[in-house]
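First up is the structure itself, then whatever we jot down about it.
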Amino acid sequence: WPMPSASEGMSRTGNHQMIRSLLSIPSFWQTEARDTIPVHPESDSTLQEGDIVFRRKRSAINCDSSCFWPKSSDGLVKVPVNVSTEFCKLLVYRTWIAEAMQEFTTLTCVQFINRTTETNYISVVPGESCWSHFGKIGGMQQVGLMKTGCMSKGAIQHEMNHALGFLHEQSRSDRDNYVKIMWEYVIAGEQGNFGKVNSNNLGLPYDYSSVMHYGANDFSNTSGKATIVPIPDPSVPIGQREGLSNLDVAKINKLYNCCSNVLHKPNDTFSSVNYPSSYPDNSNCLWLIRIPQHQIFLQFDAFDLQPSPDCTSDYIRVYDGSSRNSSVLLDKLCGMGSLPSLVASRNVMLVEFVSDEATAATGFQASYSQGEDSASFTELGDISNFCLANIHVQN
Ligand SMILES: *[C@@H]1O[C@H](CO)[C@@H](O)[C@H](O)[C@H]1NC(C)=O
Ligand SMILES: *[C@@H]1O[C@H](CO)[C@@H](O)[C@H](O)[C@H]1NC(C)=O
Ligand SMILES: *[C@@H]1O[C@H](CO)[C@@H](O)[C@H](O)[C@H]1NC(C)=O
Ligand SMILES: *[C@@H]1O[C@H](CO)[C@@H](O)[C@H](O)[C@H]1NC(C)=O
Ligand SMILES: *[C@@H]1O[C@H](CO)[C@@H](O)[C@H](O)[C@H]1NC(C)=O
Ligand SMILES: [Zn+2]
């Protein structure tokens, strides 16, 4: 068997491209993605898994919100993960896995958290291929990472993104406008990996630089012959596994209907949706500011919310911490005017914006910067510390 190597799946592309993503309805022909050929197909446990997956596919095909991970009351989509301690044995594995998940946490409303007792969760296990289910299936679901096949940031993100509900970019319904599949070079029996599905493209463009796009030579049975050729320009790079593309990020936030954001730069500016045009009705958006090590200073550069008695209609509220249970720095505020600067006691601050059904104003614009004081605070459950209890590991 010619084995697609990890490097075949990792041709580099610039970050110039932006689009992609797709969708999430599991197709009739595939309810899990296997992204590499098993090392020992005859003994591969995914055959067993495949059977389990097969029996579940009926419920997945009529995909409703149960295929997706639920949003919690703070606007974030928390996905519990248990990473096998097998990956703690080598620094390079721990680092890739932590960095891969941290990037979702930083750039999207999807937050991978350390599983404690949650019923629905992802179990990241060593596998003989790299694979995942599409979307949330209920209960424990595995993501398989082959130590020699998908240990890179983007390759891990690729599998995690399947579990969030994304298919391969080249499976999109409109893919024939963007790529040509060279069936004559696809390894016999692997044609199913190149199917096209009736995908939900989320109104966002095809993305050659998605981590969900296969590389040109993936599953090719002839050295030097591509299985996927971009059209009209065959030289467009595909298959990057450096990290989420801009469109990967946009698609995740769109699929999960998130107006909430995580801000991680030492200083930044953000504003209500559509600012300076009117903000939408019935929104409830959160901005979690989480910077390394320093206190946060926040100021509103513009503020115009529909006034109401006690600000029951539309309002801003700011918390000194990462959840709506944290202490309040600024309670319900509406109307117009200038606001005092706010200072968080640590490196985390949460800004909440709520609007009711009647819109009457432009919203707000705010900026923050970091203070001098080091006031770092590691949240419990941060997935980047999944090996915390395994200190006797080799580097
Ligand atoms: C994580 O998985 C391991 C085995 O894979 C299991 O022993 C452990 O109890 C799990 N922990 C949690 C919190 O799910
Ligand atoms: C590659 O696969 C195609 C179709 O699966 C087959 O027709 C062809 O003979 C194969 N080529 C080689 C070199 O194995
Ligand atoms: C904001 O952060 C950037 C680096 O991200 C830095 O170059 C710039 O000086 C900062 N500006 C302020 C006002 O702190
Ligand atoms: C916030 O508090 C409520 C009730 O006091 C509790 O049920 C909930 O789990 C808390 N949420 C967080 C994120 O701590
Ligand atoms: C994550 O969970 C594992 C058990 O699954 C535990 O050993 C480890 O301490 C936890 N890490 C954090 C940061 O909570
Ligand atoms: Zn895949």
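The figures here come from the full heavy-atom set of this structure, side chains too, leaving out hydrogens, waters and symmetry mates. Order of listing sets the numbers, starting from 1, for every ligand and every atom in it.
His162 contributes NE2 and His168 contributes NE2; the angle these two atoms make at the Zn ion (ligand 6) is 100°, rounded to 10°.
A single hydrophobic cluster is seen to contain both Tyr214 and Trp183, as judged by linkage of ILVMFWY side chains at heavy-atom distances under 4.5 Å, directly or through other members. Residues Ile291 and Tyr319 do not share a hydrophobic cluster, defined by chaining ILVMFWY side chains whose heavy atoms lie under 4.5 Å apart.
Annotation: Ser123 places no N or O atom under 3.5 Å from an N or O atom of ligand 1; distance criterion only. The shortest N/O to N/O separation between Tyr121 and ligand 1 does not fall below 3.5 Å. By the 3.5 Å distance cut-off applied to N or O atoms, Thr222 is not counted among the residues near ligand 2. Looking at ligand 2, you won't find any N or O of Ile187 less than 3.5 Å from one of its N or O atoms.
Heavy-atom contacts of Gln191 reach the following atoms of ligand 2: 5 (O) (cutoff under 4.0 Å). Residue Glu184 has at least one heavy-atom neighbour below 4.0 Å for each of these atoms of ligand 2: 1 (C), 2 (O), 3 (C). The distance from ligand 2 to the heavy atoms of Ala188 drops below 4.0 Å at these ligand atoms: 5 (O). For ligand 1, the atoms closer than 4.0 angstrom to any heavy atom of Thr116 are 13 (C).
No part of Thr85 comes within 4.0 Å of ligand 1, judged by heavy-atom distances.
Distances from atom 2 (O) of ligand 2 to the protein include at least one heavy-atom value under 4.0 Å. For atom 5 (O) of ligand 2, a protein non-hydrogen atom is found at a distance below 4.0 Å.
With 2.8 Å as the limit, Cys130 does not count as an N, O or S neighbour of the Zn ion (ligand 6).
Between Phe364 and the options Tyr279, Tyr275, Phe300, a ring-ring contact (aromatic ring centres under 6.0 Å, His included) holds for only Phe300.
Closest to atom 10 (C) of ligand 1 by heavy atom, among Thr117, Val124, Asn82, is Asn82.
Annotation: Asn177, atom CG; neighbour count of heavy atoms from other residues, nucleotides and ligands within 6.0 Å is above 12. Annotation for Lys71: atom NZ counts as buried by contact number, over 12 foreign heavy atoms lying within 6.0 Å.
Gln365 places no side-chain N or O within 3.5 Å of a backbone atom of Asp301 that could act as its donor or acceptor partner.
Here the two rings, on Phe104 and Trp69, have centers that are 6.0 Å apart or farther.
Using cut-offs of 30° and 60° for the angle between ring planes, the His168 and Phe134 rings count as perpendicular. Ring pair Phe219/Phe194 is perpendicular by interplanar angle, where above 60° counts as perpendicular and below 30° as parallel.
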